[in-house]
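Some notes on the structure that comes next.
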Amino acid sequence: METINIFKCIGNEIDIIPDKLLEKLKISYETANNRASEMAMLSELIKEENKKGYCRLPFCHTVEAEAFGSEVIFNQRVGNRIGKYRIEDMDSIGSIQQIDLNKGRISEVLKAVSILKKNGENVVLDIGGPISIATSVMDSQLFYKILRKDRHKIDSLLKLIENSAVEYISEGIKRSADIISFADPAGTIDIVGPKIYKELSGKATYNILKRIENGLGKSVVHLCGKTSTSLEAIGFLESEIIETEGEDYFQMIQNAKLKRKDIKFIGHWCLKTDKFKNQVVVCNIK
């Protein structure tokens, strides 16, 4: 395996939403997380507050896990977190069902994407990777215990997550999200190790990306730097640097896409950064 330096995360894991924005809209934090119209309005205010060229949804990384049946605690101060896992023992892993995009908060997120696009906004839709989702539907210790004792159950769960992720991403693309931002912080090679990454974590991510590759339309997938460098380390993608221009990283991605119509995946950097060069790294999935 070729030695690749794994990207060091430079973005904040949790973005705290200022009280003044919720007060301006006269809504609660929980309402802003659960209703499409309020979600869209808050996203626009956050864009203005942060002086960004895009709106970003959702406001946390618990949406997919909740859609699978985990219970979420909404907390503005420290960020939303899992309050109760959907899977609490080895026997219940087989009862989990594929995500239904037509109900719950995940449905509201997709509706909010449509609202923002109708309002003429640029939209980034955040998508969680397979291991991060799996360890949000069950405790990570249980996940690795089942992996050791009954590997095929984990394989089955990851296939279910893969199918759901592909459907979720595809629906985001249908609703004209400009960028699908994909990250799997719990499943990168420096966390799980090269063997598990090649056989399980990276393979599941690779499968998702290959399945959506030819259906992106005008959307582009931005891979978290840790995810893209992990994929390159294991030989699942190749990267190339192209020169581009723009006032910020988001605009550079847009300009690169205009210059090169064949660009589908970009990575090796972070959407949250304010530090950038006049270049983007194009990722070609093998």
Side-chain angles (χ1 to χ4, degrees), residues 7 43 52-58 61 63-64 67 98-99 101 106-107 109-118 120-130 132-133 159 161-184 187 202-232 236-242 244 246 248-272 279-286:
F7 181 80
S43 185
K52 297 291 186 182
Y54 57 87
C55 295
R56 194 164 191 163
L57 290 173
H61 298 287
V63 171
E64 294 99 327
Q98 191 158 320
I99 284 175
L101 297 177
I106 200 165
S107 173
V109 169
L110 290 167
K111 289 175 188 174
V113 171
S114 297
I115 292 169
L116 289 169
K117 291 305 297 181
K118 188 177 180 180
E121 300 285 2
N122 297 315
V123 179
V124 173
L125 177 62
D126 288 329
I127 302 288
S132 297
I133 295 173
K159 188 63 179 178
I161 290 172
E162 176 191 320
N163 291 340
S164 295
V166 169
E167 285 196 12
Y168 187 23
I169 293 168
S170 298
E171 191 59 37
I173 292 165
K174 286 179 187 176
R175 293 170 189 254
S176 303
D178 298 272
I179 292 180
I180 303 296
S181 178
F182 185 96
D184 193 14
K203 183 180 177 182
T205 291
Y206 173 84
N207 290 342
I208 291 168
L209 301 180
K210 286 301 288 184
R211 287 176 64 182
I212 64 171
E213 184 174 20
N214 294 321
L216 288 171
K218 294 182 179 180
S219 302
V220 64
V221 175
H222 187 278
L223 300 169
C224 159
K226 288 189 71 175
T227 296
S228 61
T229 52
S230 293
L231 288 167
E232 186 163 29
F236 286 161
L237 66 75
E238 295 176 340
S239 64
E240 62 171 311
I241 297 172
I242 66 168
T244 186
D248 56 26
Y249 184 46
F250 178 82
Q251 194 174 93
M252 286 193 295
I253 292 172
Q254 288 184 310
N255 290 339
K257 189 78 168 69
L258 290 172
K259 185 188 297 185
R260 283 265 306 268
K261 304 294 184 183
D262 63 320
I263 294 176
K264 296 177 180 179
F265 303 99
I266 287 172
H268 287 31
W269 201 236
C270 179
L271 274 172
K272 293 183 178 182
Q279 61 186 34
V280 297
V281 180
V282 176
C283 298
N284 300 306
I285 309 299
K286 289 186 177 181

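Residue numbers run from 1 in the order of the sequence given. Atom set for the values below is all heavy atoms of this structure, side chains included, hydrogens, waters and symmetry mates excluded.
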More than 12 heavy atoms of other groups within 6.0 Å of [X] [atom1]:
X: K210; atom1: NZ; answer: yes
X: K203; atom1: NZ; answer: no
X: K286; atom1: NZ; answer: yes
X: E238; atom1: CD; answer: no

Point to revise | side-chain hydrogen bond (donor to acceptor under 3.5 Å, both in side chains) assessment of N284 paired with K264 | key: CA-CA 8 Å; N284 300 306; K264 296 177 180 179; over 6 Å; no
For [X] and [Y], indicate whether the former's side chain and the latter's backbone hold a donor-acceptor pair under 3.5 Å.
X: T229; Y: H268; result: no
X: S219; Y: A177; result: yes
X: D178; Y: V124; result: no

Within this structure, what is the [atom1]-[atom2] distance for the pair [X] and [Y], rounded to the nearest 0.5 Å?
X: R56; Y: L116; atom1: CZ; atom2: CG; result: 13.5 Å
X: I253; Y: H222; atom1: CD1; atom2: NE2; result: 4.5 Å
X: I106; Y: K111; atom1: CD1; atom2: NZ; result: 12.5 Å
X: I208; Y: I180; atom1: CD1; atom2: CD1; result: 12.5 Å

**Study point:** Any side-chain donor near an acceptor of the partner, S132 and D184, under 3.5 Å
**Key:**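 Present: a donor and an acceptor within the cut-off.
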Point to revise | Note: R260-E240 ion pair, threshold 4.0 Å (strictly below) | key: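 Yes, this pair counts.
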Exercise for review: Answer yes or no: is there a side-chain heavy-atom contact under 4.5 Å between R211 and N163?
Suggested key: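 They are in contact (side-chain heavy atoms under 4.5 Å apart), so the answer is yes.
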